[in-house]
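Have a look at the structure below before the remarks.
Protein chains get the first letters and strands the later ones, always in sequence-line order, with residue 1 at the start of each.
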Amino acid sequence: MELFVQSLVSGLLLGGLYAAVGVGLSLVFGIMGLTNIAHGCLMILSSFFIMVFARHMSGSVVAAFILTVLVMCVIGALLQGVLINRVLAKGPEPALLVTFGVAIVIWNVLQLIFGADFKSIPSPMASVNAVNTRWVVISGEYLFNFAVSAALILVLHLVIQKTLFGRAIRAAASNVVAAELMGINTGRTYIYIMCLALATGSVGGLLVGQTFGFYSYSGMSYLIIAFGVVVIGGMGSIIGTLLGGVILGVAQLLGAYFFGSGVQILVGYLTLLTLLTLRPRGLLGNMTRE
Amino acid sequence: MTAKRALHSLVPNGKSLGVKTFAVLVAAVASALLPLYGSDYAVSIGLLIFSYISLGQMWNLLAGYSGLVSLGQQAFIGIGAYTLAKVTTVYGQSIALSFFVTAVCAAAFAFVISFPIFKLSGVYFTIGTWIVSESALVFFRNWKFVNFDAGYNIVAAYKIPMGALYLGSFVIGVVSVALVFLILRSKIGLALMAMRDNPGAAEARGVYLYRTKLVCFLISSVYIAVTGVVLYLNIAYVKPGATFGIDWAVSMVFIVVIGGIGTIEGPILGAVIYVILRQYLYNFPGISMILLGAVAVTVILLAPKGIMGALHGRFGFELFSVRRTAAFDGPDREEGARISVKQRR
């Protein structure tokens, strides 16, 4: 029974981390209808940036993270402005294939530079337990992950719903032509969105790097988790990603509790496929663009 | 169907079998006889090219003609490879039997997963197929029946001479081209083109969207599994990570995108470019994938329809015409009208 409660709580907190991994993907899909296959690889790229910067800045992860966000914004602007904006009008498939190509390039460049070894970002909270009772033990790290993700998603939600910038974004998402007639530069809005998505991806990269560590080829497996989160929550729904993350996290850890840790990932995938079959557009997916 | 009509349906626009057909036949015969005059290295390259032509054709049948962009077809390569390993290595049966068992297993698996994944459309379908394939990978790693993560050596494949392997690959490649050509010239092909141009109107005119897509998915999946058997007769070792790896999907996508999506010649050209580029860059591990990614991105940006699409758009060149009359051609009516005017002259 203790183990069951533990699995439930850990799954819930793990879900927060998953939501941070997925929210950028959801943003990009909901607003420009782009399936960004490179999302996972870009996230792992940010993990590598944080690791390298931290090494050169006397181990300050915070400073390294801020620098990484800036670098990722530049990369996002280039990616969107130079590559993706050009093919976006031609339908979803060409843009999807462009990001697929970008993903392959990033992952193999990382492999070429850093090899296939295990890497991680140092974490001050790795060995601290925030809660330690007979029923559950909650590590400080997991709690931190969840808090950061929940805050991130709340802020994103408020930005999109309450600010003028957010209104421009929503206008571009619902009708490109009408938005342009109202004086919104959708191409530039898309660039901002990609920057925002990669900034959230850097948060995901930081949390993943501290909690689990990463390999140069980890991007593709985190992309599947991001897809899972986003698909369960509903592509384009920001709050839905938190729900999706929690469902996927709980499903994985309860799967591990009932069937053993070897099939943990499989249970996650099967939950995902089942939910996808029952609700093909996600749980909160009604508000996204067609 | 009278003999004349049957012939007419095979020969586009009533044209006689001309220079192009002759060129194709000469190329086919020349490549079939490659083991007689080519070096071992040339034969091994040819072997890969024909296998990848088959993979490209089948992925193109889905993505280029049926609108089903799947990133999960590697699941069927895995099924083919593992069936071959189980039938020959574990049960000691013949390779011929393993082809048959593979086809049955792949058809069954494709049919079962079609229920959930055909509820998904567009990018959801793409993601769904990929997750199915990743699930299969994790499942095989934890499945005692297939020896967990250790895999098998395919001992039966060691004794096959290179020439026979090449011939198998040649047959699988050529038949894949012929199969896609015949499918597109059949009623299914017409239905697919109608669906691509306007799904709503096609359905109203009596095209069964679901059934047509399902038929294409089944054909593609079974054929990819059979190609998997041929590929693994050459590789001769199965392991979940490699057989169900995303790398297969990467190669299928690149072959079709670079060559030209939605054309029959595209995957042939794409496979030749892919295999030669990969072999050429074999000594620089890592770089070849980076270059392939960059090439694919460049091609999509500069020529979204691939090399064959660009050639056809500019010069009207095509080797295998799947058109009945030009008036039905493509989503672009003006283009169709232009071609038919040219032919009337």
Side-chain angles (χ1 to χ4, degrees), chain A residues 29 33-35 37-38 82-84 86-87 90-113 115-116 216-217 220-221 223-224 227-228 230-231 235 259-260 262-270 272-274 276-282 285, chain B residues 63-64 67 69 71 113 115-143 148-149 245-247 249-250 253-254 256-258 261-262 284-302 304-305:
Chain A
F29 183 83
L34 167 71
T35 313
I37 303 276
V82 178
L83 296 180
I84 298 172
R86 289 191 190 182
V87 287
K90 291 172 189 149
E93 274 86 22
L96 182 143
L97 295 175
V98 165
T99 59
F100 195 43
V102 170
I104 307 298
V105 171
I106 293 175
W107 136 43
N108 284 287
V109 166
L110 286 176
Q111 188 137 356
L112 199 66
I113 298 173
S216 48
Y217 52 83
M220 283 302 187
S221 28
L223 178 65
I224 294 190
F227 271 141
V230 170
V231 161
M235 278 222 176
F259 307 109
V263 293
Q264 172 178 342
I265 296 169
L266 187 65
V267 171
Y269 290 160
L270 292 181
L272 180 57
L273 277 178
T274 315
L276 206 51
T277 315
L278 298 175
R279 289 275 321 217
R281 296 218 164 249
Chain B
V69 180
L71 288 181
I113 65 165
F115 290 104
I117 63 169
F118 269 60
K119 290 203 167 162
L120 313 171
S121 58
V123 293
Y124 288 88
F125 178 85
T126 307
I127 299 165
T129 48
W130 188 12
I131 294 171
V132 166
S133 158
E134 286 293 312
S135 308
L137 166 59
V138 179
F139 190 80
F140 270 62
R141 276 200 176 133
N142 291 286
W143 197 15
F148 300 115
D149 204 22
I246 187 79
D247 293 19
V250 174
V253 171
F254 283 158
V256 174
V257 166
I258 291 174
I261 192 161
F284 312 97
I287 304 257
S288 65
M289 288 289 270
I290 297 171
L291 208 72
L292 275 174
V295 166
V297 170
T298 317
V299 167
I300 299 167
L301 285 178
L302 299 181
K305 290 176 180 166

Side-chain donor or acceptor of A:S216 paired with backbone N/O of A:W107 under 3.5 Å: no
Plane angle bin for B:F140 and B:W143 - parallel if under 30°, tilted between 30 and 60°, otherwise perpendicular: perpendicular
A:I265, CD1: over 12 other non-hydrogen atoms inside 6.0 angstrom: no
Chain B contact via A:L278 - which portion, at a heavy-atom distance below 4.5 Å: neither
Which portion of B:P116 sits near chain A, non-hydrogen atoms under 4.5 angstrom: both
Heavy-atom contact with chain B under 4.5 Å, split by part of A:I106: neither
Side chain, backbone, both or neither of B:I300 within contact of chain A (heavy atoms, under 4.5 Å): both
Engaged part of A:L272 at the chain B interface, taking heavy atoms whose separation is under 4.5 Å: side chain
Atom pair CG/CZ of A:L97 and B:F254 - distance to nearest 0.5 Å: 9.0 Å
Minimum side-chain heavy-atom gap A:L266-B:N142 below 4.5 Å: no
Per-residue contact mode, A:L276 against chain B (heavy atom under 4.5 angstrom): both
Side chain / backbone / both / neither for B:L291 at chain A, heavy atoms under 4.5 Å: neither
Most chain A-contacting option - heavy-atom pairs closer than 4.5 Å, from B:A136, B:G128, B:G293, B:A296: B:G293
B:D149: partners by side-chain hydrogen bond (donor to acceptor under 3.5 Å, both in side chains), with sequence neighbours left out: B:R141
A:V105 and A:V109, any side-chain heavy atoms less than 4.5 Å apart: yes
Top contributor to chain B interface from A:L112, A:V87, A:L273 [non-hydrogen pairs under 4.5 Å]: A:L273
Proximal component of B:S121, with respect to chain A [non-hydrogen, under 4.5 Å]: side chain
Region of B:V250 that comes under 4.5 Å of a non-hydrogen atom in chain A: both
side-chain hydrogen bond (donor to acceptor under 3.5 Å, both in side chains) involving B:T126 - partner list, sequence neighbours excluded: none
B:L301 versus chain A, the contacting section by heavy-atom distance below 4.5 Å: both
